[in-house]
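Below: the structure, in structure tokens.
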Amino acid sequence: MPAPLSFVRRFLDALPGDDRTDREPRPVVAALWSRVQPTPVRAPRLLAWSRPLAQQLGLDEARMQEPLTTQVLAGNALWPGMDPYAANYGGHQFGHWAGQLGDGRAIVLGELRAADGSVQELQLKGAGPTAYSRRGDGRAVLRSSLREYLCSEAMHALGVPTTRALSLVATGDDVVRDMFYDGNARPEPGAIVCRVAPSFLRFGSFELPTARGDTALLRTLTDFTLRTHFPELGTPGRDAYAALLHEVAARTARLCAHWQAVGFVHGVLNTDNLSLLGLTIDYGPYGWIDDLDFGWTPNTTDAGQRRYAFGNQPGIGLWNTARLGEALLPLVDDDERVVEDALAHFQRVYAEAATEWFGRKLGLTIDPQRGDEQLVQQLFDWLVAQPTDMTLFFRALGPLLLADAAPAALPESLRAVFYGDVPEAHAAAGHAWLLRWWTRVHQEPRPAATIAAAMAATNPRYVLRNWLAQTAIEAATNGDLTVLERLFTALQRPFDEQPQFAEFAQKRPEWARSKPGCSALSCSS
């Protein structure tokens, strides 16, 4: 029999909670959580689970194969020590204050003491209604749950800070959703994903107490956050509160730079969807850049405004950080200079991180004195002029360094990353840039082969393109889990060639250009 698991109660014991335990939607004041039991499902079935994460948590193969484990991960049972709750928070949605939001379909089962000594929250998404569900049913469908499961683990393998996903469970129940909010609601298979993170605290967790004028609750939450997650910032007090905002600004800036480097578009960067720990959180209508377009968003809800488009993510990260700063103002004597300093720090850190990332992607140590910044800008000007696959372009650059001489024309490996025909004038401009890049890279002190290897370890071959996720969804809906399993395996080694998974490293096929789920998604999940 597997050894007993150890659960702790940091969040519940340190922070005030709701006296009520029912699921009736309501305003919850002077409290940061509400106890709630998951709503059981009819016929749970474990579809997939992350072995790397399970091992980190101390959940061995024998435990994961136990029938009880499936029941726990479906919300039908609890392991000893679990004490479920839903968190209370608010947020700005699409630039407007939305008031109380909270975990409307997410329930934290408990805080697990993992095998590596860390404490990790286990949270079921789609486990039924809570006090924060408003008009929702608290459930989730297979398509969105599968996407979150795959992307959480794919992002971790890429090295992007992220919440994780332990498991994907089919519930055996249908869930009615109107995928594009066009009046065509239909039943879809239900599912639950078990999300894992050291904390699911969001910017909106701090905004809500301030919006309600509850400075005492804000201070209690911030002191807990400092003691539990940022002890290096010192004893709670004005200086530590300012340091916390400074640190969160830096983490968020680095996260945004990493998203831009790998071509990830979150899709719905409301303040309740930004993690205080600097993790990617809440995988909803996300997408991956296929043809490079800074104005692209995968979120149909944002199609007109494009507030959360690819190129806007750093600016939105800054805007959201300003909202967090405003929330913390009561703790720093309303000194707006603290917020201004944090925002300036965000901009500095983002610029440094983005410069480093794109230098690494190009095999360069960026040096403004050599004109490197202009070289990068010229590249992006060229890439956006014609539909070009960003991931494949950067991946194809490194091997060119292994040749004895610079290419005499734009190589076929680069022509192949375009969508559609390549005008010869555009190809000639690309070749001219390539020669400038080739010359500059060969001025680096490292051998060309070393640089090419470093570029291969920076520019992924495999990312979770929407059309790949949709292919896995359609197969799983029809009872075939092999695509999901193979895709998950390929995404665990995104920088390796893996010829057995070559079909997952192709540019977007024509059939996927406008297919729902491949090009456009909604928040309906």
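Excluded from the calculations below are hydrogen atoms, water molecules and symmetry mates; all remaining heavy atoms, backbone and side chain alike, are included. Residue numbers run from 1 in the order of the sequence given.
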Among residues at least two apart in sequence or on other chains, which ones pass side-chain hydrogen bond (donor to acceptor under 3.5 Å, both in side chains) with Arg202? Asp282
Pairs involving residues 30-54, ordered by first then second residue, that meet salt bridge (Lys or Arg N to Asp or Glu O under 4.0 Å) (sequence neighbours left out): Arg35-Asp83, Arg42-Asp173, Arg51-Glu61
Side chain to side chain, Arg323 and Trp97, heavy atoms closer than 4.5 Å: no
Contacts of Trp288 meeting ring pair (Phe, Tyr, Trp, His ring centres under 6.0 Å) (sequence neighbours excluded), chain-then-number -> Phe264
Partners meeting side-chain hydrogen bond (donor to acceptor under 3.5 Å, both in side chains) with Ser34 (sequence neighbours left out): Asp18, Tyr132
Which pair of non-hydrogen atoms, one from Pro38 and one from Ile107, has the smallest distance, and what is that distance? CA-CD1, 3.7 Å
Are any side-chain N or O atoms of Asn299 and backbone N or O atoms of Gly267, one a donor and one an acceptor, separated by less than 3.5 Å? yes
Go through the side-chain N and O atoms of Tyr283 and Thr163 and say whether any donor and acceptor fall under 3.5 Å apart. no
Any heavy-atom pair between the side chains of Leu324 and Leu245 that's under 4.5 Å? yes
Keeping the roles fixed (side chain from Asp272, backbone from Gly204), state whether a donor-acceptor pair exists under 3.5 Å. no
How many angstroms lie between CD in Glu153 and CH2 in Trp49, if you round to the nearest 0.5 Å? 12.0 Å
Do Thr252 and Phe203 touch side chain to side chain, with heavy atoms closer than 4.5 Å? yes
Ile473 backbone acceptor or donor facing Arg143 side chain under 3.5 Å: no
Checking the side chain of Tyr286 only, and the main-chain atoms of Val265 only, is there a donor and an acceptor separated by less than 3.5 Å? no
Between Asp174 and Arg186, is there a side-chain N and carboxylate O pair less than 4.0 Å apart? no
Do Asn466 and Arg508 have side-chain atoms, one donor and one acceptor, less than 3.5 Å apart? no
Would a 4.5 Å heavy-atom cut-off, applied to side chains only, mark Arg105 and Arg139 as touching? no
Find out whether the Lys NZ or Arg CZ of Arg307 is both under 6.0 angstrom from the six-membered ring centre of Phe94 and within 45° of the ring's axis. no
Does the Asp290 side chain pair with the main chain of Arg465, one donor and one acceptor, at a distance under 3.5 Å? no
Gln37 versus Pro84, closest heavy-atom pair with distance: NE2-CD, 3.8 Å
So does Arg63 get a backbone contact from the side chain of Thr69, meaning a donor-acceptor N/O pair under 3.5 Å? yes
Does the side chain of Leu142 come within less than 4.5 Å of Glu188's, by heavy atoms? no
Any Lys/Arg nitrogen of Glu148 or Arg195 sitting under 4.0 Å from an Asp/Glu carboxylate oxygen of the other? yes
Between Tyr308 and Asn270, do the side chains contain a donor N or O and an acceptor N or O under 3.5 Å apart? yes
Please report the interatomic distance CG(Leu484) to OG1(Thr471), rounded to the nearest 0.5 Å. 12.0 Å
Please table the atom pairs, donor to acceptor, closer than 3.5 Å between any side-chain atom in residues 213-220 and protein atoms at least two apart or in another chain.
residue : atom : partner : partner atom : Å
Asp214  : OD1  : Leu217  : N            : 3.1
Thr220  : OG1  : Ala216  : O            : 3.0

Look up atom CG in Leu255 and atom OG1 in Thr280, then write down how far apart they are to the nearest 0.5 Å. 4.5 Å
From Leu244 atom CG to Leu328 atom CG, the distance as rounded to the nearest 0.5 Å: 6.5 Å
For residues 141-174, the ring-ring contact (aromatic ring centres under 6.0 Å, His included) pairs (sequence neighbours left out) are Tyr149-Phe488
So, using ring pair (Phe, Tyr, Trp, His ring centres under 6.0 Å) as the criterion, who are the partners of Trp79 when residues are at least two apart? none
Which class fits the ring pair Phe310 and Phe294: parallel under 30°, tilted 30 to 60°, perpendicular over 60°? parallel
Any salt bridge (Lys or Arg N to Asp or Glu O under 4.0 Å) involving residues 472-488? Give me the pairs, sequence neighbours left out, ordered by first then second residue. Glu474-Lys515, Arg486-Glu503
Between Gln93 (side chain only) and Val268 (backbone N and O only), is there a donor and an acceptor less than 3.5 Å apart? no
Return the set of residues passing salt bridge (charged side-chain N to carboxylate O under 4.0 Å, His left out) with Glu121 (not counting sequence neighbours), or none when no residue passes. none
Nearest heavy-atom neighbours spanning Val262 and Met390: C-CE, 4.4 Å
Smallest separation among heavy atoms of Pro161 and Gly278, with atom names: CB-O, 3.4 Å
I'd like to know if the side chain of Gln120 reaches the main chain of Leu57, judged simply by a donor and an acceptor atom lying under 3.5 Å from each other, with no hydrogens or angles considered. no
Can you name the nearest heavy-atom pair linking Leu146 to Ala469, along with the distance? CD2-O, 4.2 Å
Using side-chain hydrogen bond (donor to acceptor under 3.5 Å, both in side chains) as the criterion, list what pairs up with Arg20, not counting sequence neighbours. Asp22
Atom of Thr162, atom of Ser152 and distance for their closest heavy-atom approach: CG2-O, 3.6 Å
Excluding sequence neighbours, so at least two apart, what forms salt bridge (charged side-chain N to carboxylate O under 4.0 Å, His left out) with Arg212? none
Thr271 side chain to His92 backbone, donor-acceptor under 3.5 Å: yes
From CE (Met82) to CG (Leu112), nearest 0.5 Å: 7.5 Å
Can you name the residues that form a side-chain hydrogen bond (donor to acceptor under 3.5 Å, both in side chains) with Asp19, not counting sequence neighbours? none
